[in-house]
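Input: a single structure, listed below in structure tokens.
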Amino acid sequence: MQTLSLAFHNRILIITINRPDKLNALNATVIEELSATMDDVCNNPEIRSAIITGSGDKAFVAGADISEFNTLDATGGRALAEKGQLLVFNKIEQSPKPVIAAVNGFALGGGCELAMACHFRLAGSNAKFGQPEVNLGLIPGYGGTQRLAHLVGKGRALELILTGNMIDAATALQYGLVNHVVSPEELLTKALSILELINAKAPLAVAGAIKAVNAAFDTQLNGYDTEIAAFGALFDTEDAKEGAAAFLEKRRAVFKGR
Ligand code: COA
């Protein structure tokens, strides 16, 4: 990997976007490498969950790489957004394994969008969020208009997108954009401890929950039907039988992901 560094801890893959001199901006290589890494997260049984964070103490990701914008026309711009959404942002959101963002500084434009594609977000107290594309004569293209509106509501999303203003971590917490704000030093530890808790649960139930909650935001689906189907399917798993048996036998369940 040229632009990502990967570390593995207790079956959690820590994905660090590693272009600190460019504030971890998302260029074509980052998008390709994130796409390949997400394939591994989804398909490698050794990986149970993942954290996405940025290298250095200044930025999570300061956006798409603006130096790649100059040569684009309407067709190229559309392809950039479409490819990114398909290969990375949607893949993260639809991952059956939890992916959380540990936002360690600027999360702007594509960086805010990357954090929002994750299942939930933790922020360091130094984090700053924004969608400043309007300053470039553009709008968010990696799903920001949709996910920000879902996460913080239409009015706040439009204010952020139309002004291009940044908000700090405390405001992001108040808006519901992030679940927790901790000191920068505690950020990774907090993310790991939440994922360790989730990793102790039945993986197929975790996957089913992600799928059903995602369906609440998919206008093509009836989320209640998705929930009913996922709930029902879990009764055929060994883990659901183990979960009920362990409860009745007053012992800790041992889940196998089957
Ligand atoms: N794309 C490409 N390069 C970027 C970048 C981006 N989105 N964001 C930062 N960089 C580069 C800068 O060009 C600079 O590179 P250089 O040292 O080779 O000149 C380096 O990262 C450091 O950034 P700099 O602007 O000097 O840091 P700063 O502390 O003064 O400002 C920001 C930090 C985040 C406020 C500022 O970098 C910024 O506004 N970035 C763009 C944010 C944006 O519009 N994102 C949406 C893109 S669609």
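Each residue takes its place number in the sequence, starting with 1. What's counted below: heavy atoms across the whole structure, side chains too, no hydrogens, waters or symmetry copies. Counting starts at 1 for both ligands and their atoms, following the listed order.
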Item checked: Minimal non-hydrogen separation, D57 against N126, with atom names -> O-ND2, 3.4 Å

Note to self: Looking at ligand 1, is there an atom of it that comes within less than 4.0 Å of some heavy atom belonging to K58?
What the structure shows: yes

Next item on the list: Please collect all side chain to side chain donor-acceptor pair (under 3.5 Å) contacts where either partner lies in residues 199-215, sequence neighbours excluded, each pair once.
Entry: S49-N199

Checklist line | Protein contact for atom 26 (O) of ligand 1 (heavy atom, distance under 4.0 Å) | finding: no

Check: For ligand 1, is there an atom lying under 4.0 Å from some heavy atom of P132?
Finding: yes

Next item on the list: Please determine if E242 and R251 form a salt bridge, counting it only when a charged side-chain N lies under 4.0 Å from a carboxylate O.
Entry: yes

Note to self: Quick test: of every protein heavy atom, which one is nearest to atom 18 (O) of ligand 1, and how far off is it to 0.1 Å?
What the structure shows: K22 NZ, 2.5 Å

Checklist line | Any non-hydrogen protein atom less than 4.0 Å away from atom 20 (C) of ligand 1 | finding: yes

Checklist line | Residue part near ligand 1, for A25, under 4.0 Å between non-hydrogen atoms | finding: side chain

Notebook entry, point to check: What residue and heavy atom of the protein are closest to atom 1 (N) of ligand 1, and at what distance?
Noted result: I66 N, 2.9 Å

Notebook entry, point to check: Which heavy atom of L26 sits nearest a heavy atom of G110, and at what distance?
Noted result: CD1-O, 3.8 Å

Next item on the list: Look at ligand 1 and say whether L138 reaches it with a heavy atom at a distance under 4.0 Å.
Entry: no

Margin query: Strictly less than 4.0 Å: does any protein heavy-atom distance to atom 31 (O) of ligand 1 fall in that range?
Written below: no

Checklist line | Partners passing side chain to side chain donor-acceptor pair (under 3.5 Å) against K190 (at least two apart in sequence or in another chain) | finding: none

Checklist line | Residue and atom name of the nearest protein heavy atom (relative to atom 33 (C) of ligand 1), distance in Å to one decimal | finding: L23 CD1, 3.7 Å

Next item on the list: Please check if a non-hydrogen protein atom sits closer than 4.0 Å to atom 23 (O) of ligand 1.
Entry: yes

Notebook entry, point to check: For atom 42 (C) of ligand 1, is the nearest protein heavy atom under 4.0 Å away?
Noted result: yes

Check: At a 4.0 Å threshold, what atoms of ligand 1 neighbour a non-hydrogen atom of L136?
Finding: 47 (C), 48 (S)

Next item on the list: Among all protein heavy atoms, pick the one closest to atom 17 (O) of ligand 1 and tell me residue, atom and distance.
Entry: D21 O, 4.3 Å

Note to self: As an exercise, identify every atom of ligand 1 less than 4.0 angstrom from a heavy atom of D65.
What the structure shows: 1 (N), 2 (C)

Next item on the list: Provide the number and element of each atom of ligand 1 under 4.0 Å from a heavy atom of L108.
Entry: 34 (C), 42 (C)

Next item on the list: Please determine which of I15, I14, T16 meets the side-chain contact (heavy atoms from CB on, under 4.5 Å) test together with S5.
Entry: T16

Note to self: Please verify the inter-ring angle class for Y142 with F89; under 30° counts as parallel, over 60° as perpendicular, anything in between as tilted.
What the structure shows: parallel

Checklist line | Protein heavy-atom partner closest to atom 8 (N) of ligand 1 - residue, atom, separation in Å | finding: A62 CB, 3.6 Å

Next item on the list: Ignoring hydrogens and angles, state whether a donor on the side chain of Q2 or T29 is under 3.5 Å from an acceptor on the partner side chain.
Entry: no

Next item on the list: Could you tell me which non-hydrogen atom of G144 sits nearest to which non-hydrogen atom of I161, and how far apart they are?
Entry: O-CD1, 4.3 Å

Next item on the list: State whether any protein heavy atom lies less than 4.0 Å from atom 39 (O) of ligand 1.
Entry: no

Notebook entry, point to check: With no hydrogens and no angle check, do the side chains of N90 and Q85 hold a donor and an acceptor under 3.5 Å apart?
Noted result: no

Checklist line | Protein non-hydrogen atom found under 4.0 Å from atom 6 (C) of ligand 1 | finding: yes

